[in-house]
*Asks:* 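Pasting a structure here, questions to come.
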Amino acid sequence: MTPSDPFALDDTPPPSSQSVPRPMADPEWLAGLNPEQRQAVEITDGPVLVLSGAGTGKTRVLITRLAYILGKRLAQPWQILAVTFTNRAAREMRERVGGLVGPMAESLWLGTFHALGVRILRKHGELVGLKSNFTILDSDDQLRLLKQVMEADGIDHKKWPAQVVLSVIQRWKDKSLTPDRVTPSMAGDLAAGRAVELYRAYQDRLITLNAADFGDLLLHCLTLFQYHAEVLQEYQDRFRYILVDEYQDTNVAQYLWLRLLCQKHRNLCCVGDDDQSIYSWRGAEVGNILRFEKDFTDAKVVRLERNYRSTPTILAAASALIDHNEDRLGKTLKTAEDADTEPGAPVTVKGVWDGPEEARWVIEEIEALQTKGDSLLSMAILVRAGFQMLEFEERFITTGVPYRVVGGPRFYERLEIRDAIAYLRCINTPTDDLAFERIVNKPKRGIGDTTVQKIHVYARSAGLSLMEAALRLTETDELRAQTRNALTTLIGDMSRWRSLRDGLSPADLAAQVLDESGCTEMWMKDTSPEAPGRLDNLKEFVGGLEEWDTIGAFLEHVSLVMENDSKSGDEAVTIMTLHGAKGLEFDTVFLPGWEEEIFPHRRALDDGGGAAVEEERRLAYVGLTRARKKVSISFAANRRVYNQWQASLPSRFIGELPDEHVELISDNGLMGSFGEAQADGFSDGWGGGSSWSKSRGRKAPIIDGDSWQVEARESSGGYTVGMRIFHQKFGYGIIQAVDDTRLEIAFDKAGDKKVIDSFVEPA
DNA sequence: TATTTTGGTCTTTTT
DNA sequence: GACCAAAATA
């Protein structure tokens, strides 16, 4: 077993943990808790719901609770189930618990829902049709598989993109709906009304391939528990204590999974914060929090409201912001009395001209802090979406300030890495059709679609795996000599590599495979600018394999943990998405891109009214509460979208921050840096006025076209489709569509643009 | 038959 | 500017 293997759980008690020579009564780690935290730790009997605001010591409570249960010998480590939301959190928790109780932390059942689901299915999967060596599909495989199914069904994939259908299916799985439980009304007219058929066909295909996708990891568990009471009972007996982190982000299937497992001992402890629920798009149901109290009427509720992380100023800003959400359980965060009572620096809001300038400004601030003696590790840039990272990366590179992207383009998702993995999958599991299909013509060896189709047809009719079918085909004269030879070589190589598997370490084997398959060569010959980088990635990939004993263990790790364990500790600024930042904290946090359509994201604004925007607001709240000492928000007046410049508005969230805790930075020298090139539209007035009136209501602050001052205006000031208008920047045009304050205008010269009504005037 | 070119469509967040 | 799928070309 390798150190970071999430399944490093041992069923059998290691001899050392039989005797527990640990301090029993009130060790010092228990004494350091406040009364509520202590309650959350000490109420071990029965269901407990811990509502825990940001920075209130939630992780600490969880860890202490685990240590407490173990220390009191209420259960053995393998009788405790602890579920986290990310693999990183799981790893961290295991380490920290280990620090308190020693090696027995190793035998806890601790991991993500998915990782734990796999563990169960590896053992009992046969009961639901999965052999124990089933493969876990990555998103790419899922999509290709569904496409195949849709093609076979003759669904127009132009009209119904596989991606859309797939996400609907996933949502069903999140809700624990097997194909037979999806009602026609749920499917609607999706995929010409045949979505359920597709779902069923897709599931059948998965079983045939002995594969499971992410949703299946839970869904199959539920089916298993439902139809095999003896298995369920085994686990119910086993898990005396169950702990759940980030409970607000669980979906229905996960909730059912938990409810089934805890039924016997009923010692379920869930920790969550409704204000930090940011995964509803993935099927998370905040309603699970409400449901908890309904299903467990004897549940004790503990509220953790004392914040130990942020300054009172940051806390006040965050609270005021989240207060704009209607749909809340209601929870006030207050500064812990014993904490530092200095109000702290105000939250700053900086307006800049455009994206590059924003990056420049942020990194100047970072350098200033560094000169002052702050560590780069204590700073983070948190963005709404991945693409925003680019501008900062460029700036980091030109300035030479070290940075670290966390959760960016995932390492294992890069195409060259996936190819390498597919080779390993083929070697490890010859029947892995999806992997075979992926690498059959990579690098190009003259085996095109037609050949693959032939293999497919043959495989299906003879009930063979693709690799076997290919082998049989080479023995006939169905194929042209050239393709036949290519296939024979490939299959020969495969079996040769497979025979080497036991003699070589995974790393050595991978290196050999990459060289002999021509993958390395392919990238060396490639003249595109990213080719050298890809070669480096492959090297890193081989290097990363060093720590694994078997290919199988490595592949298991990869399929669940798409993130590359980024080595931390180096002095560098962290840059990551807001979603990725949940659960982390930094001294200084930069929150760039606070503009309408970016944050809140356009998609959130588009669909319906409040719910989606409220989730965005929670995301903003998460961002603010990551900071211990200082928050810097920024927005740009212009943003390049697609390929053209578009004017943007400050985010409504900026207007929702309380005046008294916010400082607007608008330095007068700003105009100078705008330079000669941008003399249109916004020629003056920025620096002088800086009047910062907020609009409290639904409307975002609206910025007047040329005076660039903030003023609240009535929506859609009488503009109608077909009207001719004038815009400072884009000239004359005709209104094509009106959506409240947003106008779509066909400009005579500048083409089609979406602008806010306050930017135009009747012509 | 395999590869290159072109044309149209989009961009959240992740286990 | 990036990605995919269908048409064009070697």
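Throughout, a chain's letter reflects where its sequence line sits, starting with A, and its residues are numbered from 1.
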*Asks:* Between B:dT14 atom C1' and A:Lys173 atom NZ, what is the distance in whole Å?
*Replies:*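 Between C1' of B:dT14 and NZ of A:Lys173: 16 Å.
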
*Asks:* Would you kindly give the CD-to-C1' distance between A:Gln163 and C:dA5, to the nearest whole Å?
*Replies:*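 So the CD-C1' distance, A:Gln163 to C:dA5, works out to 16 Å.
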
*Asks:* Calculate the interatomic distance between A:Leu143 atom CG and C:dC3 atom C1'; express it in whole Å.
*Replies:*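 After rounding, the gap between these two atoms is 12 Å.
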
*Asks:* Can you confirm if the aromatic rings of A:His124 and A:Tyr235 lie within a centre distance of less than 6.0 Å?
*Replies:*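 Under 6.0 Å, so yes.
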
*Asks:* Have a look at A:Gly386 and say if it touches a base, only the backbone sugar-phosphate, or nothing, with a 4.0 Å heavy-atom cut-off.
*Replies:*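 Answer is sugar-phosphate: A:Gly386 comes under 4.0 Å of backbone atoms only.
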
*Asks:* Between B:dT12 and A:His601, is there a base-stacking contact, meaning the centre of the base's six-membered ring lies under 5.5 Å from the residue's ring centre while the planes stay under 30° apart?
*Replies:*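 Yes, A:His601 stacks on the base of B:dT12.
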
*Asks:* Looking at B:dT13, I'd like to know if its phosphate oxygens (OP1 or OP2) sit under 4.0 Å from a side-chain N or O belonging to A:Lys582.
*Replies:*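 Answer is no, no contact under 4.0 Å.
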
*Asks:* Could you tell me how far apart A:Glu597 (CD) and B:dT12 (P) are, to the nearest whole angstrom?
*Replies:*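 Result: 13 Å.
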
*Asks:* Mind checking whether A:Trp594 and A:Phe635 have ring centres under 6.0 Å apart?
*Replies:*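 No; A:Phe635 has its ring centre 6.0 Å or more from that of A:Trp594.
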
*Asks:* Does the structure show a Watson-Crick or G-U wobble partner for B:dT15, both distances under 3.5 Å? Name it, or say none.
*Replies:*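 Paired with B:dT15, as far as the under-3.5 Å criterion goes, is no nucleotide at all.
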
*Asks:* A:Trp257 vs A:Ile120, test: side chain to side chain contact (heavy atoms under 4.5 Å, CB included). Steps then yes/no.
*Replies:* CA-CA 12 Å; A:Trp257 192 86; A:Ile120 292 171; 4.0 Å; yes

*Asks:* Is A:Trp281 stacked on the base of B:dT13 when the test is centres under 5.5 angstrom and planes under 30 degrees?
*Replies:*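 Given the distance and angle limits, yes, they stack.
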
*Asks:* Is a salt bridge present between A:Arg602 and A:Glu597, judged by a nitrogen-to-oxygen distance below 4.0 Å?
*Replies:*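 The answer is yes: the pair qualifies as a salt bridge.
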
*Asks:* Return the value, rounded to whole Å, for the distance between atom CE of A:Met150 and atom C1' of C:dA5.
*Replies:*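 It is 14 Å, rounded to the nearest whole Å.
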
*Asks:* Just to be sure I understand the rule, does A:Tyr279 reach a base, reach only the sugar-phosphate, or reach nothing, if contact means heavy atoms closer than 4.0 Å?
*Replies:*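 Sugar-phosphate, backbone atoms only, no base.
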
*Asks:* Side chain of A:Asn87 only, please: which of C:dA5, B:dT15, B:dT12 is the nearest?
*Replies:*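 Closest of the options to the side chain of A:Asn87: B:dT15.
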
*Asks:* How many whole angstroms separate atom CD1 of A:Ile136 from atom P of B:dT14?
*Replies:*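 To the nearest whole Å, that distance equals 20 Å.
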
*Asks:* Rounded to whole angstrom units, what separation is found between the CG atom of A:Leu166 and the P atom of C:dC4?
*Replies:*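 The distance from CG of A:Leu166 to P of C:dC4 comes to 15 Å, rounded to the nearest Å.
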
*Asks:* Which value, in whole Å, describes the distance between the C1' atoms of nucleotides B:dT13 and C:dC4?
*Replies:*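 The answer is 23 Å between these two C1' atoms.
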
*Asks:* Using OP1 and OP2 only, check whether a side-chain N or O of A:Thr577 sits under 4.0 Å from B:dT12.
*Replies:*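 False: A:Thr577 side-chain N/O out of range (4.0 Å or more) of B:dT12 OP1/OP2.
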
*Asks:* Return the value, rounded to whole Å, for the distance between atom CZ of A:Arg282 and atom P of B:dT12.
*Replies:*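 From A:Arg282 CZ to B:dT12 P: 16 Å.
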
*Asks:* Determine: side-chain N/O of A:Arg603 to OP1/OP2 of B:dT12, distance under 4.0 Å, yes or no.
*Replies:*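 A:Arg603 to B:dT12 OP1/OP2: side-chain N or O found under 4.0 Å.
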
*Asks:* To the side chain of A:Phe214, which of B:dT15, B:dT12, B:dT14 is closest?
*Replies:*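 For A:Phe214, the side-chain atoms sit closest to B:dT15.
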
*Asks:* Check for me whether the distance between the ring centres of A:Phe85 and A:Tyr279 falls short of 6.0 Å.
*Replies:*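 Centroid distance A:Phe85-A:Tyr279: below 6.0 Å, so yes.
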
